[in-house]
K.L.:
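Pasting a structure below so you can have a look.
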Protein chains: 2
Amino acid sequence: MENPSEETPTPWEGLPSWLLGQTANHAHRLVGDGFSSVGARGYHYRLLATLEESGPASQAALGRRSGIHLSDMVATINELADRGLVERAPDPSDRRRNIISLTSAGKRQLRRLEKRLAECQDELLAPLSPEERQRLTELLSRLLDHHNQRAGTSEEPWR
Amino acid sequence: MENPSEETPTPWEGLPSWLLGQTANHAHRLVGDGFSSVGARGYHYRLLATLEESGPASQAALGRRSGIHLSDMVATINELADRGLVERAPDPSDRRRNIISLTSAGKRQLRRLEKRLAECQDELLAPLSPEERQRLTELLSRLLDHHNQRAGTSEEPWR
DNA sequence: ACGAATCGTTGGACGCACTAATGATCGTGC
DNA sequence: GCACGATCATTAGTGCGTCCAACGATTCGT
């Protein structure tokens with residue numbers, strides 16, 4: 001939002017959905033800036049992290065594990081491969097697949113991103129005490145679980 | 001995110017910034033769906049609400065009050081004007097300006113949107129008790145205030 | 001009267017999420 | 001053994017929200 005100068009409060013300003021969205025915006029900007037300061041963005045971190053924790057895998061598998069849409073994997077991997085952080089190699093046992101793996105440069109970049117990320121969490125939660133941070137995290141987790149569940153169950157009726 | 005099916009938890013899943021973003025996503029979808037069920041989107045509500053509370057005004061003024069970028073006001077007003085919810089008239093006293101005003105159809109639409117919005121808040125916070133809702137709102141407000149303040153102060157050095 | 005500021009508008013960008021369509025390739029049921 | 005359906009990678013395009021750069025037209029300050 002460009003102009004935070006508000007004399008008269010707007011009707012939507014107190015709504016939880018608005019509060020959530022705005023706070024998430026700040027968080028997003030914080031994290032995004034942190035990432036872009038080392039030439040990366042969210043998808044890069046998510047892919048690198050997934051790659052480290054589950055080892056080399058096909059794009060589709062990585063997409064499932066990281067929650068990145070298959071369509072967006074292509075560009076993300078292109079970008080990372082261009083920077084030499086990741087390698088794309090054909091799978092000899094299944095010619096449809098590419099096997100993506102983390103290079104050592106990729107690992108170093110991941111370390112950098114993790115560091116930035118931790119710093120951002122702290123900046124984000126700066127005005128909150130440790131107990132408050134804990135409570136906020138717990139409340140958000142509950143909300144998220146609830147809504148993720150709803151999303152999962154209504155799609156299950158396949159088969 | 002397309003695929004919430006995760007066996008192994010990912011490293012970023014517990015981070016406040018992630019929780020915030022995901023929850024905000026659900027909220028955004030909820031509200032967006034609510035709005036689109038009456039043929040509107042977020043900017044429409046914000047503009048209509050601003051219009052009601054501050055009366056007819058120029059696009060620039062409305063942009064400042066609603067936090068909608070001047071560039072985006074054009075399309076928003078076009079869409080609302082096409083639906084007859086808003087009227088664009090030249091300002092006789094300043095030919096640069098258009099004066100935007102709310103029609104009665106616009107007011108009715110605003111009522112609908114407010115109703116949907118309230119329903120969405122409830123759906124969003126469904127798993128939380130009234131006290132928890134209160135606490136969440138308070139924590140988020142604190143965070144938001146903190147970060148909005150930071151944004152405001154560093155730009156002040158005009159004049 | 002002149003330059004600075006404001007107003008509306010256009011056209012573009014970005015990040016994230018998602019849909020649809022295509023051509024390869026694989027696997028299974030029959 | 002092979003046809004059909006599923007899976008994989010890729011391209012292209014949508015949507016929302018946010019923002020930037022540039023433009024002509026107009027008005028304001030001095």
Side-chain angles (χ1 to χ4, degrees), chain A residues 1-4 12 17-18 20-22 24-36 40-47 57-64 66-79 81 88-100 151 155 158-159, chain B residues 1-4 17-18 20-22 24-36 40-47 57-64 66-79 81 88-100 151 158-159:
Chain A
M1 202 144 343
E2 185 171 15
N3 206 321
W12 61 77
S17 64
W18 176 258
L20 217 36
Q22 287 308 104
N25 253 359
H26 281 291
H28 193 265
R29 178 164 36 243
L30 245 47
V31 173
D33 287 354
F35 283 167
S36 78
R41 57 190 183 98
Y43 278 5
H44 295 178
Y45 164 71
R46 269 159 68 182
L47 183 47
S58 73
Q59 302 185 185
L62 290 170
R64 279 187 294 267
S66 65
I68 298 176
H69 196 107
L70 199 40
S71 316
D72 300 317
M73 286 292 314
V74 180
T76 306
I77 294 178
N78 284 344
E79 289 158 10
R88 207 196 235 115
D91 183 340
S93 78
D94 185 339
R95 279 185 294 171
R96 290 171 305 177
R97 289 185 174 124
N98 290 333
I99 292 187
I100 311 302
E155 292 175 27
W158 47 236
R159 208 179 301 272
Chain B
M1 204 142 346
E2 184 171 15
N3 206 324
S17 64
W18 175 259
L20 218 35
Q22 288 306 105
N25 252 1
H26 281 291
H28 193 265
R29 177 165 36 245
L30 243 48
V31 172
D33 287 354
F35 283 168
S36 79
R41 59 191 182 97
Y43 278 6
H44 295 178
Y45 163 71
R46 271 158 69 181
L47 183 47
S58 74
Q59 302 185 188
L62 290 170
R64 280 188 293 267
S66 65
I68 298 175
H69 196 108
L70 197 43
S71 318
D72 302 316
M73 287 291 314
V74 179
T76 307
I77 294 179
N78 284 344
E79 289 158 10
R88 208 196 235 115
D91 182 338
S93 79
D94 185 339
R95 278 184 295 171
R96 289 171 306 177
R97 290 186 175 124
N98 291 332
I99 293 188
I100 311 301
W158 44 240
R159 207 181 299 272

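None of the values given here were measured: they were computed from a predicted structure. Proteins get letters first, then strands, A, B, ... in listed order; numbering begins at 1 in each.
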K.L.:
Hey, is the side chain of A:R88 poking within less than 4.0 Å of OP1 or OP2 on D:dT10, counting only N and O atoms?
P.N.:
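Indeed, a polar side-chain atom of A:R88 lies that close.
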K.L.:
Should the side chain of B:S71 and the base of D:dT18 be counted as holding a donor-acceptor pair, with the cut-off at 3.5 Å?
P.N.:
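Flag unset: no donor-acceptor pair detected.
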K.L.:
C:dG15 phosphate, OP1 or OP2: any side-chain N/O from A:R46 under 4.0 angstrom?
P.N.:
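No, because none of the side-chain N or O atoms of A:R46 sits under 4.0 Å from OP1 or OP2 of C:dG15.
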K.L.:
When the distance from CE of A:M73 to C1' of C:dC18 is rounded to whole Å, what number comes out?
P.N.:
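Going from CE in A:M73 over to C1' in C:dC18 covers 15 Å.
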K.L.:
So, taking the atom named CG in A:N98 and the one named CD in A:Q59, what distance separates them when rounded to the nearest 0.5 Å?
P.N.:
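The CG atom of A:N98 sits 5.0 Å away from the CD atom of A:Q59.
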K.L.:
I'd like to know whether B:Y45 forms a side-chain contact (heavy atoms from CB on, under 4.5 Å) with B:S66, so could you lay out the CA-CA distance, the side-chain angles of the two residues, the decisive distance to 0.1 Å, and finally the verdict.
P.N.:
CA-CA 10 Å; B:Y45 163 71; B:S66 65; over 6 Å; no
K.L.:
Could you give the NE2-to-P distance, from B:H69 to C:dA13, as a whole number of Å?
P.N.:
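Nearest whole value for this atom pair: 16 Å.
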K.L.:
Heavy-atom nearest nucleotide on DNA chain C for A:P92 versus B:A57: which residue maps closer to 5'?
P.N.:
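The residue whose closest nucleotide sits nearer the 5' end is B:A57.
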K.L.:
Please state how far atom CG in B:L47 lies from atom C1' in C:dG8, giving the value in whole angstrom units.
P.N.:
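Distance check: B:L47 CG to C:dG8 C1' gives 15 Å.
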K.L.:
Using a heavy-atom cut-off of under 4.0 Å over every strand shown, decide if A:S58 touches base, sugar-phosphate, or nothing.
P.N.:
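A:S58: backbone/sugar contact only, no base atoms under 4.0 Å.
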K.L.:
Rounded at 0.5 Å granularity, tell me how far OG in B:S58 sits from CZ in B:R88.
P.N.:
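Separation between the atoms: 12.0 Å.
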K.L.:
What is the separation between atom CG on B:D91 and atom C1' on C:dT6, rounded to the nearest whole Å?
P.N.:
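B:D91 atom CG is separated from C:dT6 atom C1' by 13 Å.
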K.L.:
To the nearest Å, give me how far apart CD1 (B:I99) and P (C:dT6) are.
P.N.:
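For the pair B:I99 CD1 and C:dT6 P, the rounded distance is 19 Å.
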K.L.:
Determine the contact category for A:G42: base if any of its heavy atoms lies under 4.0 Å from a base atom, sugar-phosphate if only primed atoms, P, OP1 or OP2 are that close, otherwise nothing.
P.N.:
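Here A:G42 touches the backbone only, sparing every base.
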K.L.:
What is the distance from CG of A:D33 to C1' of D:dC19, rounded to the nearest Å?
P.N.:
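Interatomic distance, CG of A:D33 to C1' of D:dC19: 13 Å.
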K.L.:
Is any N or O donor-acceptor pair between the side chain of B:D94 and the base of C:dC7 shorter than 3.5 Å?
P.N.:
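Absent.
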K.L.:
Can you see if the side chain of B:N25 gets near the phosphate of C:dC16 - specifically, an N or O under 4.0 Å from OP1 or OP2?
P.N.:
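So the side-chain polar atoms of B:N25 never come under 4.0 Å of the phosphate oxygens OP1 or OP2 of C:dC16.
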K.L.:
Would you say C:dT9 has OP1 or OP2 under 4.0 Å from some side-chain N or O of B:Q59?
P.N.:
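Checking C:dT9 against B:Q59, a side-chain N or O does come within under 4.0 Å of OP1 or OP2.
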K.L.:
Using every non-hydrogen atom in the two residues, find where B:I68 and B:Y43 come nearest and quote the distance to one decimal.
P.N.:
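Shortest heavy-atom contact: CD1-O, 3.8 Å.
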K.L.:
Indicate whether OP1 or OP2 belonging to C:dC7 is found under 4.0 Å from a side-chain N or O atom of B:R97.
P.N.:
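For B:R97, the contact criterion (side-chain N or O under 4.0 Å from OP1 or OP2 of C:dC7) is met.
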K.L.:
Please give me the minimum heavy-atom distance between B:L62 and B:A57, naming the atom from each residue.
P.N.:
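B:L62 and B:A57 have their closest heavy atoms at CD1-O, 3.8 Å.
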K.L.:
Determine: side-chain N/O of A:H28 to OP1/OP2 of C:dC16, distance under 4.0 Å, yes or no.
P.N.:
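For C:dC16, OP1 or OP2 has a side-chain N or O of A:H28 closer than 4.0 Å.
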K.L.:
Any donor-acceptor pair under 3.5 Å linking the side chain of A:R46 with the backbone of A:G67?
P.N.:
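A pair under 3.5 Å: yes.
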K.L.:
At less than 4.0 Å, is any side-chain N or O atom of B:R95 found next to OP1 or OP2 of D:dG24? Yes or no.
P.N.:
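Result: no.
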K.L.:
For A:R41 and A:S93, find the nucleotide of DNA chain C closest to each by heavy atoms; which residue's nucleotide sits nearer the 5' end?
P.N.:
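Nearest-nucleotide comparison on DNA chain C picks A:R41.
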K.L.:
Could you tell me whether the phosphate oxygens of C:dC16, OP1 or OP2, come under 4.0 Å of any side-chain nitrogen or oxygen in B:R29?
P.N.:
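Answer no for this pair, as no side-chain N or O of B:R29 is under 4.0 Å from OP1 or OP2.
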K.L.:
For B:I77 and C:dG8, what is the distance between atoms CD1 and P respectively, to the nearest whole Å?
P.N.:
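The answer, rounded to whole Å, is 8 Å.
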K.L.:
Take atom CG of B:L70 and atom C1' of D:dG24, then tell me their distance rounded to the nearest Å.
P.N.:
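Checked: the CG to C1' distance equals 14 Å.
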K.L.:
Looking at C:dG8, I'd like to know if its phosphate oxygens (OP1 or OP2) sit under 4.0 Å from a side-chain N or O belonging to B:N78.
P.N.:
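Checking C:dG8 against B:N78, no side-chain N or O comes under 4.0 Å of OP1 or OP2.
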